[in-house]
Amino acid sequence: MTIDVLNYLCCPACGSDLESRNTSVSCTLGHEFPIRNGVPDLVQSTRAAAAISDTFSVQWSRYEYGQDHTWSHSLDDRIDGFLAHLGIDSEWLRDKAILDAGCGNGELTNEVALRFRPRMFGTDISESVYRAHQQFGANVSFFRSNLSDSVLRPERFDAIYCGGVLHHTPDTRHALGQLAPAVKPAGRIYVWLYWKIPTLVYRAKTALRRFVAPLPPRAQQPIVSVFTAASWIRHGGRTGWRDHRLVQHDFWTPRYRWEHSPDEVIGWLHDLGFSDVSLQSQARDGFGLLAVR
Ligand SMILES: C[S@@+](CC[C@H](N)C(=O)[O-])C[C@H]1O[C@@H](n2cnc3c(N)ncnc32)[C@H](O)[C@@H]1O
Ligand SMILES: [Zn+2]
């Protein structure tokens with residue numbers, strides 16, 4: 001762990017500053033959090049946090065670095081997307097403080113750090129941060145946190161990138177409200193969220209998902225496998241089985257998976273003090289908003 005990361009964080013229990021001890025970090029009021037595998041773990045134990053972490057920890061524990069593709073994209077494409085989504089170029093990033101909020105496997109986080117040399121931070125509620133730290137800890141400061149908690153010091157980050165994360169928390173609006181104050185004046189935030197797909201098949205799958213998501217991980221696996229096979233066959237077996245399984249696991253297993261509309265979230269961002277909000281990307285299953293303070 002680099003000590004520097006603590007300058008960006010605060011105690012999720014009381015908001016005060018954190019300092020490092022040998023095997024833990026603690027706040028001025030005495031709340032203590034372990035450092036696990038070199039990574040500060042600021043997740044407070046709740047049933048919701050455990051439910052979220054469990055499914056995503058399984059998801060990312062299966063990810064094979066250097067072989068698998070996240071969301072079936074190449075790293076080059078993901079980097080292009082990252083720059084376009086934030087509306088910046090590589091020069092902009094130099095020496096800036098950037099947070100990948102809900103960084104998953106940390107591969108994109110690392111690639112941004114390697115190519116453009118910002119001060120790069122990655123956080124996630126799942127155990128993925130431990131593997132990410134092992135792989136990429138030389139380039140990125142990882143910490144484990146729950147974005148539903150207030151864990152970031154105000155006005156610390158030039159940009160926050162949050163792709164496909166907040167709709168997996170119990171309350172998307174609340175989690176966005178915890179992230180937003182950490183953006184510096186004139187800084188920017190990009191959030192990508194699901195929207196409703198109005199097809200019958202999708203609505204049926206979403207309805208079925210409500211019964212699958214609360215099941216224990218072992219009971220979910222056969223359903224994930226069936227839909228992985230269907231997706232793999234539909235694509236003619238041309239792309240990797242594990243890439244299809246990642247996508248299906250990500251649909252069927254998370255406890256929370258809310259859908260929103262751009263107008264709704266644009267309203268939230270205005271309320272949170274962002275003046276300049278634009279629809280930056282659209283896909284079949286969701287949309288990305290860029291907001292500048
Ligand atoms: C669909 S994945 C996206 C990962 C990454 N942003 C990407 O685009 O590859 C959603 C991620 O959000 C994380 N996540 C969900 N709820 C979270 C929370 N409350 N706090 C922090 N991370 C959370 C999950 O653990 C998971 O890694
Ligand atoms: Zn505290």
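It should be emphasised that the depicted structure is a prediction, and the values quoted were computed from it without experimental measurement. Both ligands and their constituent atoms are indexed starting at 1 by order of listing.
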**Prompt:** Could you go step by step and tell me if R257 and F251 meet the side chain to side chain contact (heavy atoms under 4.5 Å, CB included) rule?
**Reply:** CA-CA 8 Å; R257 189 187 186 281; F251 177 81; 3.5 Å; yes

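- With 3.5 Å as the limit, one finds a donor-acceptor pair spanning the side chains of D250 and Q59.
- For W71, the closest heavy-atom approach to ligand 1 falls below 4.0 Å.
- Ligand-side atoms of ligand 1 in range of S145: 20 (N), 21 (C), range being under 4.0 angstrom from any heavy atom.
- The residues R153 and D17 are annotated as salt-bridged, a charged nitrogen and a carboxylate oxygen being separated by less than 4.0 angstrom.
- Contact annotation: for T70 versus ligand 1, heavy atoms closer than 4.0 Å belong to the side chain alone.
- What sits closest to atom 10 (C) of ligand 1 on the protein, heavy atoms only, is G164 O, 3.3 Å.
- Taking any N or O of R78, backbone or side chain, at least one lies under 3.5 Å from an N or O belonging to ligand 1.
- With ligand atoms numbered from 1 in the order given, ligand 1 contributes 18 (C), 19 (N), 20 (N) to contacts under 4.0 Å with heavy atoms of N146.
- Residue-to-ligand polar distances keep T169 apart from ligand 1: every N/O pair is separated by 3.5 Å or more.
- In this structure, F136 and F142 have tilted ring planes: the angle between them lies in the 30° to 60° band.
- A donor atom on one side chain and an acceptor atom on the other are found under 3.5 Å apart for H244 and T239.
- The contact set between ligand 1 and G163, taken as ligand atoms under 4.0 Å from a residue heavy atom, comprises 3 (C), 5 (C), 6 (N), 8 (O).
- Atoms of ligand 1 found under 4.0 Å from any heavy atom of I52, numbered from 1 in the order shown, are 15 (C), 16 (N).
- Both the backbone and the side chain of L147 come within contact range of ligand 1, each with a heavy atom under 4.0 Å.
- At the shortest separation from atom 22 (N) of ligand 1 among protein heavy atoms lies I125 N, 3.2 Å.
- With sequence neighbours left out, A50 forms a side chain to side chain contact (heavy atoms under 4.5 Å, CB included) with no residue at all.
- Using modelled atom types, one finds no donor on one side chain facing an acceptor on the other under 3.5 Å when comparing D263 with S261.
- Sorted by first and then second residue, the side-chain hydrogen bond (donor to acceptor under 3.5 Å, both in side chains) pairs involving residues 102-113 (not counting sequence neighbours) are Y63-E107, T70-N105, D100-T109, N110-N139, E111-R115.
- Of all heavy-atom pairs spanning S150 and Q178, the tightest one is CB-OE1, 3.1 Å.
- Among pairs with a residue in residues 207-228, those fulfilling side-chain hydrogen bond (donor to acceptor under 3.5 Å, both in side chains) read R62-Q221, at least two apart in sequence or across chains.
- Of the heavy atoms in D250, only side-chain atoms (C-beta onward) come closer than 4.0 Å to ligand 1.
- Taking the ring centroids of Y8 and F143, they lie at or beyond the 6.0 Å cut-off.
- Of all the heavy atoms of A49, none lies under 4.0 Å from any atom of ligand 1, so neither backbone nor side chain is involved.
- Shortest contact from atom 26 (C) of ligand 1 to any protein heavy atom: F56 CD2, 3.4 Å.
- Protein heavy atom nearest atom 12 (O) of ligand 1, with residue, atom name and distance: V165 CG1, 3.4 Å.
- Counting only protein atoms, the N, O or S atoms lying less than 2.8 Å from the Zn ion (ligand 2) are C11 SG, C14 SG, C27 SG, H31 ND1, ordered by chain and residue number.
- Residue W60 has at least one nitrogen or oxygen atom sitting less than 3.5 Å from a nitrogen or oxygen atom of ligand 1, judged on distance alone.
- With hydrogens left out, the protein atom closest to atom 27 (O) of ligand 1 is D124 OD2, 2.7 Å, a heavy atom.
- No option in K184, R119, K96 other than K184 meets the side-chain hydrogen bond (donor to acceptor under 3.5 Å, both in side chains) test with D158.
- Ring geometry for H260 against W268 counts as perpendicular: the plane angle is over 60°, on a 0 to 90° scale with 30° as the lower cut.
- Of the protein's non-hydrogen atoms, G102 O, 3.2 Å is the one closest to atom 5 (C) of ligand 1.
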**Message:** The test is side chain to side chain contact (heavy atoms under 4.5 Å, CB included); show your working for D41 and Y130 and say whether it passes.
**Reply:** CA-CA 10 Å; D41 176 3; Y130 304 132; 3.5 Å; yes

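- For the pair R203 and E259, the salt-bridge criterion is met [side-chain N within less than 4.0 Å of a carboxylate O].
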